2 protein chains.
Amino acid sequence: MKKRPTVTDVAKLANVGASTVSRHLRGVSVSPDAAIRISEAIAQLGYHPDETARALRVGRTRTIGVIIPQVSNMFYSRAVQLIEEEASKRGCAVILLTHQESLKQQGIQLATIRRYRADGVILAPAAGSTLEDISAALPGTPVVAIDRFISSEMDSVVLRNRDAARVATEHLLRHGYKRIACVVSRPEIASFKQRWEGYVETMGLNHLETLLIQAPNHEQLRYALTSTFVSHSRPDALLSFSNRVTQTILLAFDELALSREERLPLLGFDDFDLASLVDPPLSVIRQPTENMMRHATDLLFRRIEGSEPVEPKVIALPGQPIYRKSCGCS
Amino acid sequence: MKKRPTVTDVAKLANVGASTVSRHLRGVSVSPDAAIRISEAIAQLGYHPDETARALRVGRTRTIGVIIPQVSNMFYSRAVQLIEEEASKRGCAVILLTHQESLKQQGIQLATIRRYRADGVILAPAAGSTLEDISAALPGTPVVAIDRFISSEMDSVVLRNRDAARVATEHLLRHGYKRIACVVSRPEIASFKQRWEGYVETMGLNHLETLLIQAPNHEQLRYALTSTFVSHSRPDALLSFSNRVTQTILLAFDELALSREERLPLLGFDDFDLASLVDPPLSVIRQPTENMMRHATDLLFRRIEGSEPVEPKVIALPGQPIYRKSCGCS
DNA sequence: CTGTTAGCGCTTTCAA
DNA sequence: TTGAAAGCGCTAACAG
């Protein structure tokens, strides 16, 4: 088994010094004929530079860490997709890690990132994360938070959650619903907290009581939902805080075999592929995921390149309401 | 800005040699009091070992590459999720790359993997991939193919596509449908090819003509579908080859505002969250994704560890038919 | 423009 | 069991 060729091998074959090869590789000017000989040698040997060695020497790994709750949530898989493409364009590879909504697991993954010396991190922080924990875990490494705001001291790209929830609640109110219930899996998650605040505020302004249907996991949430639906104090309308929750609501409708008319009016956060195809078509607040991820990667790479912005930047993008039928529109 | 601490720093503070620190870190026996002093020093300095340096020295990076068409397809996002968890358990990080169904892009990503010196790769090969291309791009690096079979010389974990398609076609036949059409986006993709074969075979056995509805992208596919649906030679039933295609079919139904009764009977590959919630509930061939990914990671890590299996192993798992209503069942 | 040399942080002989 | 020293493949400084 022959070893992988190194710069030295290339250098020898091309009759130049190793540093000339290195220069050529990095696009620094080299004499034309040396360039040709080097290129030939590289082709002949099938040489591929070793990123780990380069990283060690230069202190930059050309990798970025992406830490999210799970990839299987459509919002995040879309996000990862976008981040990967952007990173790829800039010559960086993505190290993908998940924290499964666990603060402890997140700590482990931050340490992982640290060991791998990623140049920067895009993070959807687990509930309970603090700026201090995170920046202590990654001293000197740029981090941008997505989806969940934790501190104005940290670069963040998020939805304007309060506003969006306000808009959503007002819309439901305009349809004449009074007993509007929020449905959420884990209210301690930052984005959901803000959505809840926007809702509470709007309900308060209208002298209406707030309602919360909540459970730590989707199994229990479905149970909570079905019991609520059959109780005599059932709400007028539902405001779902995430696509997963929306699906759980749909499942609960289905479980009770509620007809289209018996279903509660529903408005949900996050758009998804089949949202327009369920019955009735789902009204949602869509997140501008593409834009968000572009902002996030831009911010991150600016930080990595070390130029420009010094103070933390929080980018909050408006949600886009898409009223189909489920909210009561026609 | 103080530099990151190194083994040497730890060694000095603990009054031992660097190699002793290294040994301790890797769990090799060290005298008890040295161990204590080292641990203290590590904690005090906030030392984290540098994977890039270790990788350079030792020749193993503790990373695995995962190359898939896109993360945003539910099948793959689920797969990535599973792989990440498994890799994490084994102390490896995942480098995530996508090839967008482009052979050229796949080549680029294979080269990326090579530069980063990943210890192994899990790959869903783009259409047109050959064993030779792939192993030439990654000499000495274990690769396991998932979802798409390209050669029995390469470790692979796939669905028993022909059988599954046979079962699906027979099921549709049993409902009395004769003009069964396959719907597929890119027939050149290995798994779809095999599904097509299973279908052709079954139709042939029953002296029935084969029908194909196909278009290179989902936009055009939807168009092809709607025109087919309104033509007088419309099929009796549809066999969809992937979850994305199934969604496109649903979209086409919706576009034509076909009522539940007017919709064509449909059986699709891949189960997904909302499959049971659309109207009528979707019948599908489910892939045992979890099992598949466990096999894939097992295979890969066995190869990486260098022990055991020498000859390539192809694992083909049966699909699980789930008959809801869309296929004509009730 | 080029080659020589040193060294990034780690592990691994090798001798003690 | 331990420490000193060499070296993984690369790049940056420096002298030509």
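Predicted model, so just to flag it, every value in this text is computed and none were measured. Chain letters run A, B, ... following the sequence lines, proteins first and then strands; every chain starts at 1.
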How is [X] classified with respect to the nucleic acid when contacts are heavy atoms under 4.0 Å: base, sugar-phosphate, or nothing?
| X | value |
| --- | --- |
| A/S29 | sugar-phosphate |
| B/A34 | sugar-phosphate |
| A/D33 | nothing |
| B/A11 | nothing |

Tell me the interatomic distance from [X], atom [atom1], to [N], atom [atom2], rounded to whole angstroms.
| X | N | atom1 | atom2 | value |
| --- | --- | --- | --- | --- |
| B/R26 | D/dT1 | CZ | P | 14 Å |
| B/D50 | C/dT11 | CG | P | 10 Å |
| A/E51 | D/dT11 | CD | P | 9 Å |
| B/R117 | D/dC8 | CZ | P | 14 Å |
| B/R37 | D/dT2 | CZ | C1' | 12 Å |
| A/L25 | D/dA12 | CG | C1' | 15 Å |
| B/L56 | D/dT11 | CG | P | 12 Å |
| B/K3 | C/dC10 | NZ | C1' | 13 Å |

Open item on the list: Any donor-acceptor pair under 3.5 Å linking the side-chain atoms of A/Y76 with those of A/D147?
Closed with: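 The answer is yes; a qualifying pair exists.
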Are any of [X]'s side-chain N or O atoms less than 4.0 Å away from OP1 or OP2 of [N]?
| X | N | answer |
| --- | --- | --- |
| B/Y47 | C/dC10 | yes |
| A/T52 | D/dC10 | no |
| B/T20 | D/dG3 | yes |

Open item on the list: On the side chain of A/R23, is there an atom forming a donor-acceptor pair with the base of C/dG3 - under 3.5 Å, no angle test?
Closed with: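 Checked by distance alone, the answer is yes.
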Compare the minimum distances between each of [options] and the side chain of [X], then state the nucleotide with the smallest one.
| X | options | result |
| --- | --- | --- |
| B/S22 | C/dT12, D/dT11, D/dT2 | C/dT12 |
| B/A53 | C/dC10, D/dG9, C/dT12 | C/dC10 |
| B/T6 | D/dG9, C/dT11, C/dC10 | C/dC10 |
| A/V7 | C/dT12, D/dT11, D/dT1 | D/dT11 |
| A/P49 | D/dT2, C/dC1, D/dC10 | D/dC10 |
| A/S19 | C/dT11, D/dG9, C/dG3 | C/dG3 |
| A/R57 | C/dT11, C/dA6, C/dC1 | C/dA6 |

Open item on the list: Measuring from atom CD of A/Q106 to atom OG1 of A/T112, what distance do you get when rounded to the nearest 0.5 angstrom?
Closed with: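 So the gap between those two atoms works out to 11.5 Å.
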- [ ] Check the pair B/E84, A/T98 against side-chain hydrogen bond (donor to acceptor under 3.5 Å, both in side chains), reporting the backbone distance first and the verdict last.
- [x] CA-CA 8 Å; B/E84 194 278 331; A/T98 64; 2.8 Å; yes
- [ ] Have a look at A/R303 and tell me which of A/D298, A/T141, A/D119, A/D155 forms a side chain to side chain donor-acceptor pair (under 3.5 Å) with it.
- [x]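 The side chain to side chain donor-acceptor pair (under 3.5 Å) with A/R303 is passed solely by A/D155 among A/D298, A/T141, A/D119, A/D155.
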- [ ] Given salt bridge (Lys or Arg N to Asp or Glu O under 4.0 Å), test A/R54 with A/E51 step by step and report yes or no.
- [x] CA-CA 5 Å; A/R54 218 220 62 231; A/E51 284 287 341; 2.5 Å; yes
Task: Criterion salt bridge (Lys or Arg N to Asp or Glu O under 4.0 Å) on B/E86 and B/K89, from CA distance to verdict - done: CA-CA 5 Å; B/E86 206 59 41; B/K89 259 182 225 160; 3.7 Å; yes
